[in-house]
*Asks:* 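Pasting in a structure now, in structure tokens, and then I'll have a few things to ask.
A quick note: this is a predicted structure, and the numbers were derived from the prediction, not measured. Numbers restart at 1 for each chain; the letters A, B, ... are given by sequence-line order, proteins then strands.
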2 protein chains.
Amino acid sequence: MPPTRDNPPTNGRPTIREIAALAGVSTATVSRVVNRSGYVSQETRRAVERVVREHGYSANRSARGLSGGRTGLIGVTVPRIYPAYFSVIIAGVTEALYEQDMRIVLCPTLHEHDREVSLLERLMHGTTDGALLVLPEESSRELSALMDHGFRFVVVDPRKRMESPVPTVSAASSSGAAQATAHLLELGHRRIAAITGPRGWLATDERLRGYQASLAAAGVLPDPRLVIESNFEIDGGLAAATELLSRAERPTAIFAFNDQLALGAMQAARGLGLRVPDDVSIVGFDDTAEAQIVTPRLTTVRQPLAEIGRMSVSLLTRLLDGQRVEALHVELETTLILRDSTAVAG
Amino acid sequence: MPPTRDNPPTNGRPTIREIAALAGVSTATVSRVVNRSGYVSQETRRAVERVVREHGYSANRSARGLSGGRTGLIGVTVPRIYPAYFSVIIAGVTEALYEQDMRIVLCPTLHEHDREVSLLERLMHGTTDGALLVLPEESSRELSALMDHGFRFVVVDPRKRMESPVPTVSAASSSGAAQATAHLLELGHRRIAAITGPRGWLATDERLRGYQASLAAAGVLPDPRLVIESNFEIDGGLAAATELLSRAERPTAIFAFNDQLALGAMQAARGLGLRVPDDVSIVGFDDTAEAQIVTPRLTTVRQPLAEIGRMSVSLLTRLLDGQRVEALHVELETTLILRDSTAVAG
DNA sequence: AAACGGTAGGTTAGCGTTTACAGATCGTTC
DNA sequence: GAACGATCTGTAAACGCTAACCTACCGTTT
């Protein structure tokens, strides 16, 4: 039977008024108890809590949202859901939000700028309290404008460098890349190629910086022909590595700027009859689940993806509570994970 | 410019009242226009639509929700987010919902029954219009009770067989398993082991049925010792396959009931120095992204996961529109995908 | 003893929609 | 020409909650 208005009292869950009546207090008191705000005596609190528990009361989110309070909903925009890179971040986010009894409204943008903009507009008023933007398409300027409009959000893994007022969470790309490159150098490699993401992306530029820094520190002259720009996807890695490994003087190691690219590079090596790591060493970046299931298992730089998700929630909730957020740009540590795709230069 | 009090009317987005005033009509008329309900003349409609467009109006979801209308939010509970199996379903769901201007409220249950129940309770009243339950913990009886309570939901990939009134969407497990087994039989295999999921799960039982049916059709006596119960995870597959392949008379082929198990089985084979597919053929189930990146690429049964997501949205929206849903139990087709992990029995 | 600040809890006005309900106009039918 | 149904539009009452505002009762301080 669909609930109707002729079906007045118990047509679903209890309302705050019913709970108040049952507990013999006013609705305001119930509200104070469940929101832990204002003064309530021990006695009253306990009495109300008992009734709340017994009747399984929890506030109607729409009503709460309307009434100027919070909706308890956080918007999350991501380019896509299923490369593990994104899903692990999302998992971290939902986990952290769950603890605060908040929920996540998930919006994949499919890399479409328009879709993202309209989504943001919609999300930010009346639906959600704030948002997490993973790898957003928007320029720093557009995002600043949104902030000025009163939107509250945190940028996760910014695509471009953000101006100061926009809070961001990311991983120490440059340091991770430096570690990876140093590892290859220690193994005796000198012709170390890099398969990068799109130029101009922060992740690409930072990793490039780390790569070049390590090379320089070891006194190895960087060779621009060993750096190939790609797209962070398997196909791109396959194409780039095929090109690299077909050269007369081929690199003895490849540093792929994410695991997808590294997977493509491994396929390329296999396609050319080269053994990993005997003929060519390969290092990835991200440490997604794939890194452990391929053969050989991939040496890669771990980004604490779930932690990135949790940290951005923490930043956002502080932002929403009106606290001044000090650390606007949080950068989490990266670690090199040694597995089986790297070996001493042959 | 941040909204201030000196900036009274438009300190955010327009309300229906402002739009109504601008268009010279009542709020009721604006509501009728944007919801396409009731009678509105051509002229009025166009006038209102113009104002709506110019001011970028869209209804506040909380208010709409409160007022007895729809919130435009659909809850989705999943055990976890990141095995690709789930994320691809979620992707299909969001895609389908986006087209209807609806959003998804994502709730991972982490396989905790309690968490799931409380989540459902919360979700279903006041927050969302309905829900999609992926692989829910609840018994058919519990779910029936929820339906009687007026909750609207669709079960995706039911864990147990559901009683009739609960709508479900799943893939043709039994037929897929039959195809996989038949394929191995055609290759000359006779000792075909099965690594299953937990007994009692629909997916396990159905796949077992298909496996046994194909064996029977080929006149091969089923050997209960070749069937090992596991947990649908890599570790389980590793353990089960290690056991199977260490036997004196080891199976020449393994049918793993999902890709994770198959991945584990491949690791087991490698660990024992056996080559896939030369020494042992392996077939998986699901066709998640991993199947294509391992070496050798995994022969597996494809489930149309994104389509499962889209289909369940379609069922749910019909349910929400109050339409009588005819096909309560939808089963989508599965296809065997031949890759490199199977070969003629040696 | 007046004044005060801290604590406790009730009253009530919205929040932005949707939707009964009612009123108005018009063309048709009896 | 009255009655009627169809079409169009406005009025106003919810929806369930929060928070501002009040009142009232302490125990201290001046």
Side-chain angles (χ1 to χ4, degrees), chain A residues 2-49 52 55 57-73 122 125-127 129 322, chain B residues 3 5 8-48 52 55 57-73 122 125-127 129:
Chain A
T4 64
R5 298 205 170 178
D6 315 341
N7 182 346
T10 72
N11 77 350
R13 62 170 13 177
T15 71
I16 198 173
R17 253 184 285 272
E18 288 162 20
I19 298 298
L22 253 15
V25 299
S26 70
T27 61
T29 300
V30 176
S31 175
R32 279 190 277 258
V33 169
V34 304
N35 295 308
R36 289 164 176 54
S37 68
Y39 292 113
V40 183
S41 71
Q42 277 290 319
E43 281 181 288
T44 312
R45 171 177 301 280
R46 267 201 268 276
V48 172
E49 275 168 352
V52 164
H55 293 257
Y57 170 77
S58 81
N60 176 316
R61 279 219 147 84
S62 292
R64 180 177 283 177
L66 222 207
S67 176
R70 302 281 187 72
T71 60
L73 259 21
R122 297 247 169 90
H125 264 287
T127 310
D129 300 334
Chain B
R5 297 210 170 173
T10 72
N11 80 346
R13 63 164 20 172
T15 71
I16 198 173
R17 254 184 283 275
E18 286 162 21
I19 297 298
L22 254 14
V25 299
S26 72
T27 62
T29 299
V30 176
S31 175
R32 279 190 278 258
V33 169
V34 304
N35 294 307
R36 288 163 177 55
S37 68
Y39 291 114
V40 182
S41 71
Q42 276 291 320
E43 279 181 292
T44 312
R45 172 177 300 280
R46 267 200 269 273
V48 172
V52 164
H55 293 257
Y57 169 78
S58 81
N60 176 316
R61 279 215 150 87
S62 292
R64 179 176 282 177
L66 222 208
S67 179
R70 301 279 189 74
T71 60
L73 259 22
R122 298 245 168 94
H125 263 286
T127 310
D129 300 333

*Asks:* How far apart are the closest heavy atoms of B/T15 and B/Y57, and which atoms are they?
*Replies:* C-CE1, 3.8 Å
*Asks:* Given the rule in the side chain to side chain contact (heavy atoms under 4.5 Å, CB included) test, do A/T29 and A/T44 qualify, once you have shown the distances and angles that lead to the verdict?
*Replies:* CA-CA 8 Å; A/T29 300; A/T44 312; 3.8 Å; yes
*Asks:* Any residue in residues 33-45 of chain A with a heavy atom nearer than 4.0 angstrom to DNA chain D? Just list them by number, or reply none.
*Replies:*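 Contacting residues: A/N35.
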*Asks:* Let me know, please, whether B/A28 or A/S67 comes out on the 5' side of the other along DNA chain C by nearest nucleotide.
*Replies:*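 Residue closer to the 5' terminus by nearest nucleotide: A/S67.
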*Asks:* Quick check on D/dC17: is either OP1 or OP2 less than 4.0 Å from any side-chain nitrogen or oxygen of A/S31?
*Replies:*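 For D/dC17, neither OP1 nor OP2 has a side-chain N or O of A/S31 closer than 4.0 Å.
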*Asks:* Does A/R45 have any side-chain hydrogen bond (donor to acceptor under 3.5 Å, both in side chains) partners at least two apart in sequence or in another chain, and if so, which?
*Replies:*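 Result, side-chain hydrogen bond (donor to acceptor under 3.5 Å, both in side chains) vs A/R45: none returned.
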*Asks:* Regarding C/dG10, can its base be found pairing with the side chain of A/R32 as donor and acceptor, where the two atoms are less than 3.5 Å apart?
*Replies:* yes
*Asks:* How long is the line joining CD1 of A/I16 and P of C/dT11, in whole Å?
*Replies:*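 In whole Å, C/dT11 P lies 14 Å from A/I16 CD1.
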*Asks:* Below 4.5 Å, heavy atoms only, C-beta onward: do A/T71 and A/T127 meet side chain to side chain?
*Replies:*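 No; the side chains remain at least 4.5 Å from each other.
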*Asks:* If you define the side chain from C-beta out and look only at heavy atoms, does anything of B/N35 sit under 4.5 Å from B/R64?
*Replies:*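 The answer is yes, as the side chains (C-beta and beyond) meet within the 4.5 Å cut-off.
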*Asks:* Who passes salt bridge (Lys or Arg N to Asp or Glu O under 4.0 Å) against B/R46, sequence neighbours left out?
*Replies:*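 B/R46: no salt bridge (Lys or Arg N to Asp or Glu O under 4.0 Å) contacts found.
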*Asks:* Rounding to an integer number of Å, can you tell me how far A/L66 CG sits from C/dA13 C1'?
*Replies:* 14 Å
*Asks:* Apply side chain to side chain contact (heavy atoms under 4.5 Å, CB included) to A/I19 and A/V52, showing your working.
*Replies:* CA-CA 7 Å; A/I19 298 298; A/V52 164; 4.0 Å; yes
*Asks:* For the side chain of B/R64, counting heavy atoms from C-beta on, which of D/dT18, C/dT17, D/dG16 is nearest?
*Replies:* C/dT17
*Asks:* What residues, two or more places apart in sequence or in another chain, satisfy side-chain hydrogen bond (donor to acceptor under 3.5 Å, both in side chains) together with A/R17?
*Replies:*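 If we apply the side-chain hydrogen bond (donor to acceptor under 3.5 Å, both in side chains) test to A/R17, skipping adjacent residues, there are no hits.
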*Asks:* Please report, rounded to the nearest Å, how far the C1' atom of D/dC15 is from the CZ atom of B/R61.
*Replies:* 18 Å
*Asks:* Nearest heavy-atom pair of B/D129 and B/G72: which atoms, and what distance?
*Replies:* OD2-N, 2.9 Å
*Asks:* Among the nucleotides C/dG16, D/dG16, C/dT19, which one has an atom lying closest to any side-chain atom of B/R17?
*Replies:* C/dG16
*Asks:* Scan nucleotides 24-28 of chain D against the protein and return all N/O pairs shorter than 3.5 Å with their distances rounded to 0.1 Å.
*Replies:*
none

*Asks:* Taking B/S58's backbone N and O only, do any of them form a donor-acceptor pair with B/R13's side chain (distance below 3.5 Å, no angle check)?
*Replies:*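 Confirmed, B/R13 side chain pairs with B/S58 backbone.
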*Asks:* Which angle, rounded to 10°, do you find between the first-five-pair axis and the last-five-pair axis of the helix from C/dA1-D/dT30 to C/dC30-D/dG1?
*Replies:*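 So the angle between the two local helix axes works out to 60°.
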*Asks:* How far apart are the closest heavy atoms of A/G65 and B/S62, and which atoms are they?
*Replies:*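 In this case the closest contact between A/G65 and B/S62 is CA-OG, 3.9 Å.
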*Asks:* Which comes earlier along DNA chain D counting from the 5' end, the contact point of B/T29 or that of A/Y57, where each point is its nearest nucleotide?
*Replies:*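 Per heavy-atom nearest nucleotide, the more 5' residue is B/T29.
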*Asks:* Whole angstrom is fine here: how far is it from CZ in A/R13 over to P in D/dC15?
*Replies:*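 Taking atom P of D/dC15 as the reference, CZ of A/R13 is at 16 Å.
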*Asks:* Out of D/dC17, C/dT17, C/dT12, which nucleotide sits closest to the side chain of A/T27?
*Replies:*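 The listed nucleotide nearest to A/T27's side chain is C/dT12.
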